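First up is the structure itself, then whatever we jot down about it.
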Number of protein chains: 2
Amino acid sequence: MNYDEAKNKFISTWGSLGTLWGINKAMAQIHALLLISPEPLSMEDIMEQLQISRGNTSMNLRQLMDWGIVFKENKMGERKEYFTSEKDVQELARQIAKERSRRELQPTIKILNDVSNIEEDGTSKTKELIKQTKALHEMASNLDIMMTKVVGQDQNWVTKALIKLIK
Amino acid sequence: MNYDEAKNKFISTWGSLGTLWGINKAMAQIHALLLISPEPLSMEDIMEQLQISRGNTSMNLRQLMDWGIVFKENKMGERKEYFTSEKDVQELARQIAKERSRRELQPTIKILNDVSNIEEDGTSKTKELIKQTKALHEMASNLDIMMTKVVGQDQNWVTKALIKLIK
DNA sequence: TTTTTATTTCAATATTTTTTGAAAGTTTAA
DNA sequence: TTAAACTTTCAAAAAATATTGAAATAAAAA
């Protein structure tokens with residue numbers, strides 16, 4: 001496998017993986033491209049390399065910046081904007097975990113809490129609803145703690161310790 | 001909030017959360033419904049409660065069974081098939097983690113490994129590709145270990161210990 | 001066997017999501 | 001100013017995905 005094959009394979013894998021996790025293909029591919037690019041890229045560069053339209057590129061770059069994993073850069077003397085990705089994968093994971101927690105997990109936890117606190121009326125269906133949503137609430141809360149705290153902690157203690165602990 | 005409101009809220013939340021994680025709405029809603037139902041439900045029951053077609057119900061029930069989180073049950077003397085969900089949320093999480101690992105994470109890890117093993121040619125772009133895919137490979141491998149081993153281990157040691165460790 | 005009850009399949013349809021591209025907007029340079 | 005370089009917006013089009021429903025299949029009862 002040569003460089004170009006490897007690069008394309010990586011970008012397309014990352015792209016289809018993205019859709020599987022609720023991030024669209026273009027967004028995931030732009031991110032992949034920036035992640036492995038040693039130099040910042042302009043919108044033109046990205047459009048050309050991924051064969052996507054200007055509008056698409058603009059919108060998805062914006063979203064990546066909203067996620068806090070892609071940044072604008074200006075080259076002196078140049079009007080054009082350039083973009084780079086967060087290059088430290090540990091920090092990348094931390095940022096993604098933080099955002100997914102904020103956008104999905106925390107709202108869900110809130111709803112599970114509301115639902116599990118309805119009034120007990122003695123019927124089995126109410127009992128079951130309360131029981132299951134309480135259990136999900138506890139699990140989601142634990143997951144939230146893990147996601148926002150474990151990931152991105154210094155690699156050399158929690159993660160490594162944990163993995164040793166379990167192997 | 002009364003029972004019906006709470007139930008609907010739970011089902012629709014679970015449904016829209018599903019799409020965000022690569023599981024379609026109907027599938028997630030069927031699962032939610034079964035999860036809080038004290039009794040097994042027939043296809044008719046599900047169709048009626050969620051207002052979805054027979055074909056849709058059949059296909060998504062099949063997928064849920066493929067995921068190993070919904071089971072067929074037969075009531076004696078009855079021809080109809082009934083369905084239940086895995087009720088233990090810990091076991092549910094373990095099963096989902098296992099399947100996602102098998103379907104997504106492991107194939108990705110394999111590709112990251114292939115890509116990160118291309119021949120070093122001294123150029124900065126090749127260096128960067130190798131460096132980043134190696135880092136992602138390591139992270140994905142760690143995540144895979146965590147997902148398949150930590151989750152679903154007896155609640156009262158790993159998870160609790162971990163959470164205490166980090167708080 | 002034939003009929004009845006229930007489930008599955010899949011082409012057609014509907015819905016949702018993504019992408020495009022051109023017009024409008026913005027910013028710097030002339 | 002006006003022009004040039006570049007970016008954003010958004011309605012329309014395209015693509016991807018989910019859903020329907022009726023015909024085919026299966027399995028049990030009459």
Side-chain angles (χ1 to χ4, degrees), chain A residues 11-34 39-67 70-84 103-104, chain B residues 11-34 39-67 70-84 103-104:
Chain A
I11 290 173
S12 74
T13 302
W14 215 238
S16 45
L17 203 70
T19 60
L20 228 47
W21 286 80
I23 284 161
N24 81 44
K25 197 178 80 177
M27 185 172 157
Q29 290 190 340
I30 293 171
H31 177 249
L33 179 62
L34 292 174
E39 297 298 327
L41 301 178
S42 69
M43 251 179 62
E44 299 285 344
D45 294 335
I46 295 169
M47 285 166 60
E48 196 199 344
Q49 291 209 42
L50 300 179
Q51 292 291 311
I52 57 178
S53 71
R54 189 173 297 282
N56 200 359
T57 308
S58 170
M59 286 175 118
N60 285 113
L61 276 171
R62 161 109 80 106
Q63 282 207 71
L64 286 164
M65 290 187 287
D66 289 346
W67 273 75
V70 162
F71 315 103
K72 255 186 200 158
E73 253 183 45
N74 288 311
K75 288 195 180 172
M76 46 174 204
E78 285 226 47
R79 189 123 135 223
K80 226 183 287 185
E81 292 175 325
Y82 286 81
F83 300 88
T84 27
R103 296 174 190 218
E104 298 157 35
Chain B
I11 289 173
S12 75
T13 301
W14 215 239
S16 46
L17 203 69
T19 61
L20 228 47
W21 287 79
I23 284 160
N24 80 46
K25 197 178 79 176
M27 185 173 158
Q29 289 190 340
I30 293 171
H31 177 250
L33 179 62
L34 291 175
E39 297 300 326
L41 299 179
S42 68
M43 250 178 60
E44 299 285 344
D45 295 333
I46 296 169
M47 287 165 59
E48 196 200 342
Q49 291 209 41
L50 301 179
Q51 292 291 314
I52 57 180
S53 72
R54 189 173 296 283
N56 200 0
T57 307
S58 170
M59 288 175 117
N60 285 112
L61 276 171
R62 161 108 81 103
Q63 282 207 72
L64 287 164
M65 290 188 287
D66 290 346
W67 272 75
V70 162
F71 315 105
K72 254 185 200 158
E73 255 184 44
N74 288 311
K75 287 196 181 172
M76 45 175 207
E78 283 228 47
R79 190 123 134 219
K80 228 183 286 185
E81 291 175 325
Y82 287 81
F83 301 88
T84 27
R103 296 173 189 218
E104 299 158 33

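So that the names make sense, note that chain A is the first sequence line, chain B the second, and so on, each numbered from 1. Nothing here was measured: the structure is a model prediction, and the numbers come from that model.
- Mapping A/S58 and B/I23 onto DNA chain D by nearest heavy atom places A/S58 at the nucleotide closer to the 5' end.
- Contact annotation: side chain of A/R79 to base of D/dA4, donor-acceptor pair present below 3.5 Å.
- Between the CE atom of B/M47 and the CZ atom of B/R54 there is a distance of 4.0 Å, given to the nearest 0.5 Å.
- Remark: C1' of C/dT5 and CG of B/N74 are 14 Å apart, rounded to the nearest angstrom.
- In this structure, the side chains of B/M27 and B/W67 come closer than 4.5 Å at one or more pairs of heavy atoms.
- The distance from atom NZ of B/K25 to atom C1' of D/dT17 is 13 Å, rounded to the nearest whole Å.
- The interatomic distance linking B/R62 (CZ) with D/dA26 (P) rounds to 13 Å, in whole Å.
- Residue A/N24 places at least one side-chain N or O closer than 4.0 Å to OP1 or OP2 of C/dT19.
- Residue A/L61 contributes atom CG, which lies 16 Å from atom P of D/dC6 at whole-angstrom precision.
- Following rounding to the nearest Å, A/Q29 (CD) and C/dT18 (C1') show an atom-to-atom distance of 13 Å.
- Nearest-nucleotide positions on DNA chain C place B/G55 closer to the 5' end than the other of B/G55 and A/N60.
- Counting non-hydrogen atoms under 4.0 angstrom, A/E44 reaches nothing in the nucleic acid.
- Distance, B/I52 CD1 to C/dT7 C1': 15 Å, rounded to whole Å.
- Enclosure of atom CD in B/E48 is not indicated, since only 12 or fewer non-hydrogen atoms of other residues, nucleotides or ligands lie within 6.0 angstrom.
- Residue-to-nucleotide proximity on DNA chain D shows that, of A/E78 and A/M59, the 5′-proximal contact is made by A/E78.
- Atom CZ of B/R62 is surrounded by 12 or fewer heavy atoms from other residues, nucleotides or ligands within 6.0 Å.
- For the pair A/M76 CE and C/dA29 C1', the interatomic distance rounds to 19 Å; values are reported in whole Å.
- Contact check, B/N56 against D/dG21: no side-chain N or O comes under 4.0 Å of OP1 or OP2.
- The CG-P distance, from B/D45 to C/dT7, rounds to 11 Å in whole Å.
- Taking 4.5 Å as the limit, some side-chain heavy atom of A/F71 sits within range of a side-chain heavy atom of A/T84.
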